[in-house]
Trainee: 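I'd like to ask some things about the structure below.
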Protein chains: 2
Amino acid sequence: MSFDGQLPPKVRLLRAAAELLANSAGAPVSTRQITQLAGVTAPTLYHHFGDKEGLFDAVVAAGFEEYVAGERDFAPSGQPLEDIRRMWDNHVQFGLNQPELYLVMFGNIRPESRPSIVADAEALMEEMLNKAAAAGQLNVQPREAARSILAANVGVTLMLIAEPAGERNLELSTMTRDAMIFAVSSDQGRDAGPEEDSGKSSVVVAAIALNAALQASHSDQLSSSELKLFLEWLHRISNSSTN
Amino acid sequence: MSFDGQLPPKVRLLRAAAELLANSAGAPVSTRQITQLAGVTAPTLYHHFGDKEGLFDAVVAAGFEEYVAGERDFAPSGQPLEDIRRMWDNHVQFGLNQPELYLVMFGNIRPESRPSIVADAEALMEEMLNKAAAAGQLNVQPREAARSILAANVGVTLMLIAEPAGERNLELSTMTRDAMIFAVSSDQGRDAGPEEDSGKSSVVVAAIALNAALQASHSDQLSSSELKLFLEWLHRISNSSTN
DNA sequence: TATCACCTATAGCAACGCTATATGAACTGC
DNA sequence: GCAGTTCATATAGCGTTGCTATAGGTGATA
């Protein structure tokens, strides 16, 4: 269970720290735990990494390398926006696979501590967005789009990490992802028509709107008998004058 | 500089911890610092809060109260989506004003530590989105929209906190904010992307609106058993295009 | 006055991050 | 082969941390 193998102490320290950090569930990891698992004594740690934070920075840097490798791993599909989706999904998956590392990387960033990781991650996404921009698929600057998408990506990942592993609903991710990509892409048609605002209650307005929409759509979510009764109730609500 | 006033020790401890945490710049805050500033000794802290984390939890809880108060402070404008924008901006401003507190609240959430803060914040936004849904301005379920918007809101705020205070570009916030709101609102064009079929049909939008309106109005046009079945069908229609 | 619950202080433990100092191993120049 | 130098690791211990066993002080009630 320990790294007493033939690897150099520096590597053993890195692996021991990474393993303990990954299984710590947020509890602090002591240098004594790390050095014991690595099979070395305290001064070795300080010789190679300066101090505890230096070691943890090295762990984070290694984790980020892995992150970057994952983001570059897939072949371009020829559809830049589709590649952005895969980058997003890779990002979320990385966070869910290594939550503790991810929390250190993106959940605890202060202006004085690690701005480079964010900048590098932004550059990674901007690079991909440049292709979309070149294809005329972007309606904002790639840099701004990258920052915006990455921010949403981080927020979603943190929210999913915060949820118990059992009830994580990845639809939050896909929904937010598509919302962000849709918002920055240029192939959207905006026709914001004025809403009719009568004096009737919102229930009645909504019921009328649903009624009209249902009649025209031939939805097959309800059986014909269900639909008949549903429409009757809808009619009752639509014609009510209360509220 | 110290809280040696007439306030009870419990309050003095809370204020001392909050102040030290706010100015710590991420460095750990020791119980000795806190008790010294509060003018008490160690056992007093442990008598009132159990342990250090208990005290910090209390500080976070107080901070969250302040957050909620800020989110409720403004009068409804009558335009729900505009109110969502103000909630978003309040959230960002809260994070930038108290970055250390914010990082503890939203940057470090683990499944075992503080899920309730996220749930409460989601409920706060969902409440506001229900009004938008009732007005027919939403094309997704309010709960899903709230989770998605809040996730992006948190991500943006963390990114801004990570930047040096001088070069914080709030355009990242407004851009992401409007992108998210635009994506969940119904007054948009069609065609969400290469793989998605065109946006939600008007049936779904109307059904979501009616659902939200019914929940808020206590209409008595249907009996309770009728209403139950009606809502079930409505739910089926509302979710018909979500895979 | 006596009692009792509550609150706070004295003093100190084990564990923490870290280091002054010393020892060993590996490579130089001769 | 042997001194000199450098790098890497170990011994032992410093000051500080979170926390607590124990006891003392306080005000309300009887």
Side-chain angles (χ1 to χ4, degrees), chain A residues 2-62 100-101 103-104 108 110 112-114, chain B residues 2-62 100-101 103-104 108 110 112-114:
Chain A
S2 65
F3 300 105
D4 313 46
Q6 300 82 343
L7 298 91
K10 189 169 182 178
V11 177
R12 277 184 284 162
L13 279 168
L14 271 174
R15 296 201 182 172
E19 176 176 324
L20 288 173
L21 205 69
N23 303 332
S24 67
V29 177
S30 72
T31 58
R32 281 173 171 81
Q33 285 178 277
I34 297 171
T35 54
Q36 181 180 349
L37 180 58
V40 299
T41 51
T44 305
L45 190 161
Y46 294 90
H47 173 73
H48 287 291
F49 299 100
D51 61 355
K52 185 185 184 182
E53 195 180 319
L55 171 57
F56 279 47
D57 283 350
V59 172
V60 168
E100 298 298 332
L101 183 60
L103 285 175
V104 178
N108 249 332
R110 290 179 172 77
E112 66 274 7
S113 71
R114 297 179 230 283
Chain B
S2 66
F3 299 105
D4 314 44
Q6 299 83 343
L7 297 93
K10 189 169 182 178
V11 178
R12 278 184 285 164
L13 279 168
L14 270 176
R15 296 199 183 174
E19 177 177 322
L20 288 172
L21 205 70
N23 304 331
S24 67
V29 176
S30 73
T31 58
R32 280 173 172 81
Q33 286 179 273
I34 297 172
T35 54
Q36 180 180 349
L37 180 58
V40 299
T41 51
T44 305
L45 190 161
Y46 294 91
H47 173 72
H48 287 292
F49 299 99
D51 60 355
K52 185 184 185 182
E53 194 180 320
L55 171 57
F56 280 46
D57 283 351
V59 172
V60 168
E100 297 299 331
L101 184 60
L103 285 175
V104 177
N108 250 330
R110 291 178 171 76
E112 66 273 6
S113 70
R114 298 180 231 285

Trainee: For the helix from C/dT1-D/dA30 to C/dC30-D/dG1, how many degrees between its two end axes (five pairs per end), to the nearest 10°?
Mentor: 10°

Trainee: Could you tell me the separation between the CZ atom of B/F49 and the CD1 atom of B/I34, rounded to the nearest 0.5 Å?
Mentor: 9.5 Å

Trainee: So A/T44 and A/T35, do their side chains get closer than 4.5 Å, heavy atoms only?
Mentor: no

Trainee: Is there a side-chain contact between B/E53 and B/D57, using heavy atoms and a 4.5 Å cut-off?
Mentor: yes

Trainee: Can you give one letter per nucleotide of nucleotides 7-20 of chain D, 5' to 3': B if a protein heavy atom sits under 4.0 Å from the base, S if only from the sugar-phosphate, - if neither?
Mentor: -SBBB-----BBBB

Trainee: Roughly how far apart are A/L101 CG and A/L21 CG, rounded to 0.5 Å?
Mentor: 7.0 Å

Trainee: Rounded to the nearest 0.5 Å, how far apart are CG of A/L103 and CZ of B/R110?
Mentor: 5.0 Å

Trainee: Can you list everything that forms a side-chain hydrogen bond (donor to acceptor under 3.5 Å, both in side chains) with B/T41? Sequence neighbours excluded, please.
Mentor: none

Trainee: Nearest whole angstrom, please: distance from the C1' of C/dC16 to the CD of A/Q36.
Mentor: 15 Å

Trainee: Quick one: closest heavy-atom pair of B/S30 and B/K52, and the distance?
Mentor: CA-NZ, 4.4 Å

Trainee: Got a second to check how far B/R12's CZ is from B/L45's CG, nearest 0.5 Å?
Mentor: 12.5 Å

